[in-house]
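In what follows, every chain begins at residue 1, and chains take the letters A, B, ... in the order their sequences are listed.
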Amino acid sequence: MIAARRHDRSPIARVGTGAPVPLVSDRVWLRPLLVVFAIKGALLVAIVSPFTGHDEVDHFYYIAQLARGDGLGVVGEDPLPRSAEPYRNYVADYPTNAEVIQPPLYHAAVVPLYWVAPRGDLAKLYALRGVSVVLGLVVVWLAYRTARLLFPTDPLLRAGVPLFVAWQPQFSFEAAIVNHDILVIVLFSLVLEQLLRALRDGLTRRRAIAIGLWSAAGLWTKMSFGLIFPVTIFVVWVLWRDRRASWRAGAHQIGWTVGLPLLLAVPWFVRSFALYGDPTGARRLSEIPEYGERASSYREMLFSAPFWRDRLHDFWANYGWRQVPFDPREYRLILAATVLAGATLALFLAWAVLRGWRGRPVLTRFQWRGLATLALATVMLTYGVLYVGTLQFTQSRFVFPAMVAIAVLSLVGVSGLLPARWRPAALPLLLAALVALNVLTALRYLIPFYYGPGGSVAP
Amino acid sequence: MRRRWAATIGAAVAVALVAAVLLVPVEVRHSAPFGFRLTLDDERGIAVMSGRVRPNYDDFNRLDLDLRAYIVASDYDLAITIRPDRRGAAAIRTIPLSVRGADIRHNKDPLQDPFLTVRFPPIPDSAGKRYSVLVQTGPRNRDDIITLWSMKSYSAVSGRAVVGAILDDPPGDVAPTVLRLVLGALLAGFAAAVGWLTAGLLSLIAAGRPVRLHD
């Protein structure tokens, strides 16, 4: 653990043999990874037909509404402009804008860009999509920071985690359309990284306030950000137990990390309660025809194999408001990879526990706690997917704020079970698989959906 | 020296990626919401034995059919006929198909891939044209009921044709030439960046040493 701390603060890391390895060498692959993500994002911005991202019409016109100074709006009462008519199939509650139910931070933050972007909805849409690419880059960078924090000397995890995030097809799609979800992913990844840092270095008041403020920003972007709070409370509890601190000290830390953001979000809770009779407004969405009708129960979802199959499908790719899925062959390969990742994770954890009992630990206490934190974050967001499913039809993208956590959990078992000398060699294989998946599916499904005579389902 | 090797391999990967994308044939799925054309009218309970497809690429060569049989015990001799969607047009492809009733049962397992793939010699100049697809039963199954619930269609083309489709009809209202140049540069940049990334990862591998997770 002490070694890990040293690694992160100095450009020189010490590996098992004690020989120094410069961490600056990560630049040799991190720079091109960020460049390739930016180019891939720009290509997706261009390829994906305008306004065909999920809820993109609503989010765009929410921004336009704020830019015009027309206020926040009310669900069911805010008509979309006539220019949205050609895209009505991509709107949840046409002819009104259902996304005005969302807190306005993302939308307000991009208003200045909306003002300065060239005239015309199309030009402004592409400019705003560019913001999503930049936010996606931040997530890839945070994925690297998180992996390096937890496993500073393991090249497969240090490079594999950001690779996984950067090439995950649906995350790239999310980072190429106008939607507040990409900002939620950035903020969630940032808070998770800060929580892990707190686990390693301690939770100073400054860090606690920072976590609180980032969480407040998350709540002002999307109410589901509140699913981070059980994770935050877990970390604060672990640290409080370690220090054997007083109840008062623990309460202070909970106050800064959880109380502060909740307090800062009170105005939005009150507004939602006044308008929709519930502080998050979520229940109002179940009244949208076709959406609410597809609501289900926890039991039905949990024990439905087709439900989980569909979640796997749209976790990996269901471009263009779910209209552009892969074919079963690709999904079968993805299922095989998922089973492999799950099985290796379970095996590795069992082996690590066994080794720990025998006094030959495989993971440090910090790494155990870090993995538990990431797992809890994933579980909380999966619960979020199920909760939405009780109100309306649900989608896997609601778990995307845990993308970095999922990447770590997907790779840690493989990395832990591979003989150490083979571990780095897995990187080119991982890259080849991810490039092949992205390129082949773009050629086979995504581009043909929009281009070619008779293509372009959207107007 | 290691870095030079890594750079050489990276450059080779970039060139190979461009060559593979442009030259290797791929089966592209034609444009349709959710990937398929629905022929079943579930709300009114109407199922039919035919449907229409509109390939958006040349060399239309494959159909994936969601067939449903109501007498599961039978084996089915079928003929799939494809003809241009205009009155009196002659069939241009007739594909015989033998299938077990159990494979196309009306109540397929929801976890099963419902589609049955049928390949045939490519139909050139198919892009943008409409075709009618008809499922006919053979003499053995004359009285059996079989229906077509939905279908997907595909073309076998080179990646160049797919990339060319964007460049021929670029999105947005910017001057097409400018947009083509930008898109072309992005595609080339993508391949170059993948090569650069490969070289970077190889450099990492060359620099690293075996480590344990908890080091």
For this session: Report the option among A/L427, A/L440, A/L43 that has the most heavy-atom pairs separated by less than 4.5 Å from atoms of chain B.
Result: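 Highest number of pairs under 4.5 Å: A/L43.
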
Exercise. Between A/I47, A/N89, A/L33, which has the largest tally of heavy atom pairs under 4.5 Å with chain B?
Worked result: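 So the answer, after comparing A/I47, A/N89, A/L33, is A/L33.
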
On a heavy-atom basis, which atom in [X] and which in [Y] lie closest, and how many Å separate them?
| X | Y | answer |
| --- | --- | --- |
| B/G35 | A/P325 | N-CD, 4.1 Å |
| B/N56 | A/Y451 | ND2-O, 3.0 Å |
| A/F449 | B/S31 | O-OG, 2.6 Å |
| A/R444 | B/R62 | NH2-NH1, 3.8 Å |
| B/V28 | A/P448 | CB-CG, 3.7 Å |
| A/V35 | B/A193 | CG1-CB, 4.1 Å |

Just verifying a value: how many Å separate [X] [atom1] and [Y] [atom2], rounded to the nearest 0.5 Å?
| X | Y | atom1 | atom2 | answer |
| --- | --- | --- | --- | --- |
| A/D26 | B/S203 | CG | OG | 11.5 Å |
| B/L186 | A/K40 | CG | NZ | 13.0 Å |
| B/E27 | A/Y445 | CD | OH | 9.0 Å |
| A/R329 | B/T117 | CZ | OG1 | 9.5 Å |

Any non-hydrogen side-chain atom of [X] less than 4.5 Å from a side-chain atom of [Y]?
| X | Y | answer |
| --- | --- | --- |
| A/P428 | B/I205 | yes |
| A/V439 | B/F190 | yes |
| A/L163 | B/L197 | yes |
| B/Y154 | A/D327 | yes |

For this session: For each of B/L111, B/V194, B/L183, B/D113, tally heavy-atom pairs with chain A at distances under 4.5 Å, and name the one with the top tally.
Result: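 So the answer, after comparing B/L111, B/V194, B/L183, B/D113, is B/L111.
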
Problem set entry | Top contributor to chain A interface from B/V24, B/V162, B/D64 [non-hydrogen pairs under 4.5 Å] |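 Most heavy-atom pairs under 4.5 Å with chain A: B/V162.
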
Heavy-atom contact with chain A under 4.5 Å, split by part of [X]:
| X | value |
| --- | --- |
| B/R29 | both |
| B/K152 | side chain |
| B/L17 | side chain |
| B/V26 | side chain |

Exercise. Does B/R160 CZ have over 12 foreign heavy atoms under 6.0 Å away?
Worked result: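 No.
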
Heavy-atom contact with chain B under 4.5 Å, split by part of [X]:
| X | value |
| --- | --- |
| A/F326 | backbone |
| A/W308 | neither |
| A/A159 | side chain |
| A/V435 | side chain |

